[in-house]
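We count ligands from 1, going down the list as the structure has it; atoms in each ligand are counted the same way.
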Amino acid sequence: MTEYIIRGGKPLYGEIEISGAKNAAVAIIPATLLVDGVCRIENIPQISDVTLFLNILKTMGADVRTVNKHTMDIDCRGISKGEGPGDMMRSIRASYYLIGAMLGKFGSACGAMPGGCDFGVRPIDQHIKGFTAMGATVDVRDGMIIANTPNGRLKGTNVYLDVVSVGATMNIMLAAVKAEGRTVIENAAKEPHIVDLANFLNSMGADIKGAGTSVIKINGVEHMNGGFYSIIPDQIEAGTYLAAVAGTGGEVLVKNVIPKHLECITAKLEEMGVEIEEQGDAVLVRRTGPLKCTNVKTMPYPGFPTDMQPQITTLLAIAQGTSMVTEDVWDDRFRYVSQLNRMGANIRVDGKVAVIQGVEELRAAPVKACDLRAGAAMVIAGLCANGNTRIEDIRYIERGYENIVEKLRGVGADIISVSSDPENADKQLEVFA
Ligand code: EPU
């Protein structure tokens with residue numbers, strides 16, 4: 001087992017390069033199943049969720065070749081039936097995209113219900129509503145999901161989503177690209193990774209219009225050929241580093257980003273007194289004065305992203321005054337707050353709302369990463385705190401952040417990844433001396 005140790009209190013200076021978007025990659029990788037040819041995909045982030053998904057495809061019979069660190073050739077022509085490996089699917093939330101892709105390709109799908117970070121009930125009723133509307137029978141039993149179509153092909157139709165769901169929008173898109181006729185998704189989610197999935201599918205021969213708006217129209221095609229695609233930069237990874245610099249102070253150029261995707265995050269940081277400067281495909285973040293309190297409410301894109309909620313709450317914990325954060329997407333995404341309070345934060349949670357009374361400083365303490373973004377919040381807290389913070393359960397963080405330790409060390413942070421064996425950890429701590 002490894003953990004992170006962070007010696008906090010140092011401002012950050014330099015440059016950080018952002019990797020490809022996790023939530024685009026975990027949809028585009030299963031989408032290659034729909035393609036009758038080789039997909040060369042660039043800018044794939046090296047994170048454990050991606051490795052796991054590539055292993056799922058390999059287990060099913062795909063040929064996956066590494067071209068270089070971030071580029072893969074994926075050829076799924078060797079996969080002959082719609083059956084996913086149950087145990088592997090259970091360990092990753094995004095494995096539900098395999099169901100949509102298998103159903104779209106083979107007209108049938110069998111796999112495990114998805115796992116992933118736990119922040120309350122995570123239903124997939126809207127995914128199932130879409131598949132059913134397109135003519136599939138879907139049976140969920142004993143942790144398995146089995147879907148079938150009467151004649152081996154889904155039929156295009158209108159699907160109105162009752163909740164704005166990223167997963168349901170992308171899954172219905174995957175199922176629909178090869179369906180007979182036209183599918184229209186109404187009340188669709190608009191996140192950048194939805195547009196990225198549509199662009200990937202279109203570049204392979206699909207016919208999708210309207211991604212990025214609330215109405216997406218998909219005309220089914222017979223074939224999709226191979227091709228080349230480069231995944232967009234990760235909006236949340238970039239936001240996390242912007243928040244880290246906002247917390248520690250200093251000046252960092254965050255490179256390889258699409259600044260437009262970051263506006264929902266940078267607007268809030270600016271309200272808090274952080275300076276943000278757009279420089280082409282990079283954003284400069286600088287904080288010299290104190291952080292100011294503000295209120296935040298999470299919403300689907302282009303609202304403030306729920307995946308940045310723990311990170312901004314951590315900043316507000318050391319901002320001047322009282323702030324309120326309302327979590328409107330997930331029903332249990334404040335579990336990490338008890339960890340921040342151990343570090344001296346003063347946060348009270350009542351249902352969907354956290355009331356944050358800013359404190360002068362955070363103090364180092366042993367804490368846990370409760371989930372991926374909560375783990376990122378602990379890293380930010382550790383960078384801002386006085387003393388050495390030890391973070392356990394970092395496997396959650398490594399599901400979604402490529403080389404976080406190296407990237408932060410590159411801008412001057414004192415952070416190391418150590419074995420959780422205490423003797424060894426103490427020895428490794430000497431690097432801070
Ligand atoms: N919902 C339903 N029924 C459904 C689907 C969703 O009621 O069938 C509800 C959920 O309970 C939630 C809301 O709709 O309250 C939004 O859920 P959504 O489907 O949009 O979430 P998701 O697709 O399961 C993706 C990201 C999450 C991110 C959310 C919201 C992936 C693999 N995951 O999840 O990312 O929080 O969208 O933006 O893309 C993360 O990266 O840390 C992460 C958790």
After noting the C-alpha distance and the side-chain angles of Leu103 and Leu174, does the key distance pass the side-chain contact (heavy atoms from CB on, under 4.5 Å) rule?
CA-CA 8 Å; Leu103 204 48; Leu174 290 168; over 6 Å; no
Do Asn388 and Arg7 pass the side chain to side chain donor-acceptor pair (under 3.5 Å) test, and can you show the C-alpha distance, the side-chain angles, and the key distance before you say yes or no?
CA-CA 4 Å; Asn388 292 339; Arg7 182 168 69 179; 5.0 Å; no
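Between Ile172 and Gln126, the closest heavy-atom pair is CD1-O, 3.8 Å.
For ligand 1, the atoms lying closer than 4.0 Å to a non-hydrogen atom of Ile124 are 4 (C), 8 (O). Interface of Leu372 with ligand 1, defined as ligand atoms under 4.0 Å from a residue heavy atom, comprises 42 (O). Taking every heavy atom of Thr306 and a limit of under 4.0 angstrom, the matching atoms of ligand 1 come to 30 (C), 36 (O), 38 (O). For ligand 1 and Gln126, the ligand atoms under 4.0 Å from any heavy atom of the residue are 3 (N), 4 (C), 8 (O). Listed by number with element, the atoms of ligand 1 under 4.0 angstrom from any heavy atom of Gly167 are 19 (O), 23 (O). Those atoms of ligand 1 that come under 4.0 Å of a heavy atom in His127, given as number and element, are 8 (O). Near Arg93, meaning under 4.0 Å from one of its heavy atoms, ligand 1 places the atoms 24 (O).
In this structure, a donor-acceptor pair under 3.5 Å is present between the side chains of Gln357 and Thr322. A donor atom on one side chain and an acceptor atom on the other are found under 3.5 Å apart for Thr240 and Gln311. When only modelled atom types and interatomic distance are considered, Glu271 and Thr294 share a side-chain donor-acceptor pair under 3.5 Å.
No part of Ile236 comes within 4.0 Å of ligand 1, judged by heavy-atom distances. At a heavy-atom distance under 4.0 Å, no atom of Tyr396 approaches ligand 1. For Arg333, every heavy-atom contact with ligand 1 shorter than 4.0 Å involves the side chain, none the backbone.
Taking 4.0 Å as the cut-off between side-chain N and carboxylate O, Asp234 and Lys22 do not count as a salt-bridged pair. Electrostatic pairing of Glu327 and Lys352 does not count as a salt bridge here, judged by no charged N lying under 4.0 Å from a carboxylate O. A salt bridge is defined here as a Lys NZ or Arg NE, NH1 or NH2 lying under 4.0 Å from an Asp or Glu carboxylate O, and Arg348 with Asp350 fails to meet this definition.
Among Leu161, Val163, Asn23, Asp307, the residue whose heavy atom lies nearest to atom 33 (N) of ligand 1 is Asn23.
For the pair Val329 and ligand 1, the shortest N or O to N or O distance falls below 3.5 Å. Residue Val166 has at least one N or O atom closer than 3.5 Å to an N or O atom of ligand 1.
For the ligand labelled ligand 1, residue Lys22 lies inside the 4.0 Å heavy-atom shell. Within the 4.0 Å heavy-atom cutoff, Tyr301 does not count among the residues contacting ligand 1. Under a 4.0 angstrom heavy-atom cut-off, Pro123 registers as being in contact with ligand 1.
Pairs passing the salt bridge (Lys or Arg N to Asp or Glu O under 4.0 Å) check and including a residue from residues 187-213, sequence neighbours excluded, read Asp207-Lys209.
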